[in-house]
*Asks:* 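This structure is in structure tokens; I'll ask about it shortly.
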Amino acid sequence: MTKKIIIANWKMHKDHTEAQEFLESIKFTQFGNEIVICPPFTLLGDMQNGENFSLGAQDCSSLSDDKGAFTGDISAKMLKLLNCKYVILGHSERRSFHKEDNLQINKKIINAINQDIIPILCVGESQDERANGNYLTFLENSIESTIPKEFDEDKFIIAYEPLWSIGSGKAATITQIEEVHNFLSKIIRTRFAKKVKIIYGGSVNLDNASDITKIDNVDGLLIGGASLNPETFRQIALTTER
Ligand code: PGA
């Protein structure tokens, strides 16, 4: 069976002590799936030598993949030097609070790829788009305007994260996830002649994680709130193996 990918998105949570406590309370060798932790930038240095889990960042600069006069930005190369294997890009919180658009996200993806970091591209429709029935077209546009022409299918992940489900306690239903993942997989196959991993995010918890990971075309999970508590995260990761 191919390994699923279980990603913790810590967002703007945890200081050095809290991260240390989290890492000490989980034995990462117990997992059969790949575990990825995406802490805030400030913890990447502390966590760069962690064993049996992969490290991811939550963003990178669109302006250069290397260096430059870009106050506050962190380049993909800087992340690479800190052992980041992955970077989350285009998360809806970046799109809404930082006004990131598809063009910027496309540049970030290219910068990550240039540094051999695997982008985890987040796409998801709003409540309105779902209600008016335009969500599949919206998702197709999000994909087409952000994904570059050239990319390696083994080094690209799409995360379907409906905006209305993030942090709301209301995950998408099995039917909704199935429909969108099948659709996204078809788009990638037809437009790019490739097959990439497609993971689900949005109010994943211990009750729904196992059922969601069993759906066709669901290759893993992107977990926010429920990834902060080590025991909850451990149990979620284990339940995806059953
Ligand atoms: P949530 O967040 O699990 O807290 O809904 C998921 C995400 O934003 O990646």
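In each ligand, atom 1 is the first atom listed, and ligand 1 is the first ligand listed.
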*Asks:* Taking only heavy atoms of G202 into account, list the atoms of ligand 1 that are under 4.0 Å away from them.
*Replies:* 5 (O)
*Asks:* Between F22 and F233, what is the ring plane arrangement, given parallel below 30°, perpendicular above 60°, and tilted in between?
*Replies:* tilted
*Asks:* Would you find a donor on one side and an acceptor on the other, under 3.5 Å apart, between the side chain of N111 and the backbone of S62?
*Replies:* yes
*Asks:* Determine, for K197 against E34, whether the closest basic-nitrogen to carboxylate-oxygen distance falls under 4.0 angstrom.
*Replies:* no
*Asks:* Are the side chain of N83 and the backbone N or O of Q48 linked by a donor-acceptor pair below 3.5 Å?
*Replies:* yes
*Asks:* Short N/O distance, under 3.5 Å, between S203 and ligand 1?
*Replies:* yes
*Asks:* Any idea which part of I166 is under 4.0 Å from ligand 1, heavy-atom wise: side chain, backbone, both or neither?
*Replies:* both
*Asks:* Measure the distance from atom 3 (O) of ligand 1 to every protein heavy atom, then report the residue, atom name and distance (to 0.1 Å) of the closest one.
*Replies:* G224 N, 2.9 Å
*Asks:* Identify, with sequence neighbours excluded, every residue that meets side chain to side chain contact (heavy atoms under 4.5 Å, CB included) alongside D73.
*Replies:* S61, L63, F70
*Asks:* Under 4.0 Å from a heavy atom of H91: which atoms of ligand 1 are those, numbered in the order shown and with their elements?
*Replies:* 7 (C), 8 (O), 9 (O)
*Asks:* Backbone or side chain, does any N or O of G167 fall under 3.5 Å from an N or O of ligand 1?
*Replies:* yes
*Asks:* Hey, is ligand 1 close enough to S168 that some N/O pair sits below 3.5 Å?
*Replies:* no
*Asks:* May I ask you to identify the nearest protein heavy atom to atom 7 (C) of ligand 1, giving residue, atom name and distance to one decimal place in Å?
*Replies:* E161 OE2, 3.1 Å
*Asks:* On the ring face of F156, is K194 found with NZ or CZ under 6.0 Å from the centre and within 45° of the axis?
*Replies:* no
*Asks:* Can you tell me the protein heavy atom closest to atom 2 (O) of ligand 1 and the distance?
*Replies:* K11 NZ, 3.3 Å
*Asks:* Report yes or no: does Q58 contribute a side-chain atom to a donor-acceptor pair with the main-chain N or O of P39 at less than 3.5 Å?
*Replies:* yes
*Asks:* Pairs of nitrogen or oxygen atoms closer than 3.5 Å, one from G225 and one from ligand 1: do any exist?
*Replies:* yes
*Asks:* Below 3.5 Å, can you tabulate the donor-acceptor pairs from side chains in residues 209-216 to any protein atom, sequence neighbours excluded?
*Replies:*
unit_1, atom_1, unit_2, atom_2, d
S210, OG, K214, NZ, 2.9
T213, OG1, A209, O, 2.7
T213, OG1, S210, O, 3.1

*Asks:* Going by the order shown, which atoms of ligand 1 are within less than 4.0 Å of some heavy atom of L222?
*Replies:* 9 (O)
